[in-house]
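What you see below is based on every heavy atom in this structure, not just the backbone, and it leaves out hydrogens, waters and symmetry mates.
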Amino acid sequence: MPTRLTESGYVLDRQDRAILQILQRDNKTPQRVIAEEVSLSAPAVQRRIAALEAAGVIRRNVAVLDADALGATITSIVEVQLVDERAATVDRAKAIFRETPEVQQCYYVTGGVSCVLIIVAANMRSYEGLTRRLFAENEQVKSFRSLVALDRVKTDTAIVIP
């Protein structure tokens, strides 16, 4: 596959893409194992990973936790309609959603709603309090609709690398 320029200007080659695939599966894979899989030396893999981080291709290194194991039993997809789409209104709403730890993901979208959020809460009581604070008592929010998940069928973080 030919090299591909990322938004940051970094040029991904076949080996970079292979390294990224491995890191998405398990970020704790030893660099010597990655090196063997992509036919490079361990120091070359280390340099490439550092360059990918510096270019912003790798944004963070995190642990993916099991919500059930931690007792976070409520997952909800929430559609939010803002009172208007003025930049100030949207920016304030984004800031509130961004700063709320229970909001795992927030997307500013088109198509009849303003934002779609993925929220994980410990239980229904905490979720109710959260919805009051984030939506019912929020001047930027006109309306919201919660879709409570019955099952977390797939919760992956991997991105298909072109």
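Within the 4.5 Å cutoff, the side chain of Leu82 has heavy atoms near those of the Val141 side chain. Contact check for Arg48 versus Asp13: side-chain heavy atoms found under the 4.5 Å cut-off. For the pair Glu85/Ser114, a side-chain contact is recorded, criterion being any heavy-atom separation below 4.5 Å from C-beta on. Side chains of Ile119 and Ile74 form no contact here, defined as non-hydrogen atoms less than 4.5 Å apart. You'll find the side chain of Asp156 stays beyond 4.5 Å of the side chain of Val64, heavy atoms only.
A distance of 9.0 Å separates CG of Leu134 from OH of Tyr127, quoted to the nearest 0.5 Å. In this structure, Asn27 CG and Arg60 CZ are separated by 12.0 Å, a value rounded to the nearest 0.5 Å. Taken to the nearest 0.5 Å, the CG atom of Asn61 stands 9.0 Å off from the CD1 atom of Ile49. Rounded to the nearest 0.5 Å, atoms OG1 (Thr75) and CZ (Arg152) are 3.0 Å apart. Atom-to-atom distance recorded for Leu23:CG and Ile58:CD1 is 5.5 Å, nearest 0.5 angstrom. The CD atom of Gln31 lies 11.0 Å from the CD1 atom of Ile22; values are rounded to the nearest 0.5 Å.
Nearest heavy atoms, Thr100 versus Ile96: OG1-O, 2.7 Å. Residues Leu130 and Glu102 come closest through the heavy atom pair CD2-CB, 3.5 Å. Shortest non-hydrogen contact noted between Leu40 and Val45 is CB-CG2, 4.1 Å. Heavy-atom minimum distance, Thr131 versus Ser146: CG2-OG, 4.5 Å. Across all non-hydrogen atoms, the minimal contact from Ser41 to Ala35 is C-CB, 3.6 Å. The two residues Val78 and Ser76 come nearest to each other via the heavy atoms CG2-OG, 3.6 Å.
The number of heavy atoms from other shown groups lying within 6.0 Å of CG (Leu150) does not exceed 12. Residue Glu139 qualifies as open at atom CD: its count of foreign heavy atoms under 6.0 Å is 12 or below. Enclosure of atom CZ in Arg133 by more than 12 non-hydrogen atoms of other residues, nucleotides or ligands within 6.0 angstrom is indicated.
Note on Val83: it does not cluster hydrophobically with Val113, by side-chain heavy-atom contacts below 4.5 Å among ILVMFWY residues. By the rule that hydrophobic residues join a cluster once side-chain heavy atoms approach within less than 4.5 Å of another member, Val38 and Leu52 end up as members of one cluster. Ile77 and Met124 fall into different hydrophobic clusters, where Ile, Leu, Val, Met, Phe, Trp and Tyr are joined by side-chain heavy atoms under 4.5 Å apart, directly or via other members. No continuous path of hydrophobic side-chain contacts links Val103 to Val109 [ILVMFWY only; heavy atoms under 4.5 Å]. A single hydrophobic cluster is not seen to contain both Val148 and Val120; linkage of ILVMFWY side chains at heavy-atom distances under 4.5 Å, directly or through other members, places them apart.
In this structure, Arg132 pairs ionically with Glu128, as a charged nitrogen and a carboxylate oxygen lie closer than 4.0 Å.
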Kindly determine whether Val11 and Asp16 satisfy side-chain contact (heavy atoms from CB on, under 4.5 Å), including the steps that lead there. CA-CA 9 Å; Val11 177; Asp16 289 326; over 6 Å; no
As a quick check of understanding, evaluate side-chain contact (heavy atoms from CB on, under 4.5 Å) for Phe144 and Leu117, giving each step before the final call. CA-CA 10 Å; Phe144 71 99; Leu117 287 70; over 6 Å; no
Verify salt bridge (charged side-chain N to carboxylate O under 4.0 Å, His left out) between Arg145 and Glu79, making sure each step is shown before the conclusion. CA-CA 5 Å; Arg145 180 174 84 142; Glu79 298 176 340; 3.0 Å; yes
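Counting only distance, with no hydrogens or angles, the side chain of Gln104 and the backbone of Ile118 share no donor-acceptor pair below 3.5 Å.
Side-chain polar atoms of Thr157 and Gln24 form no donor-acceptor pair below 3.5 angstrom.
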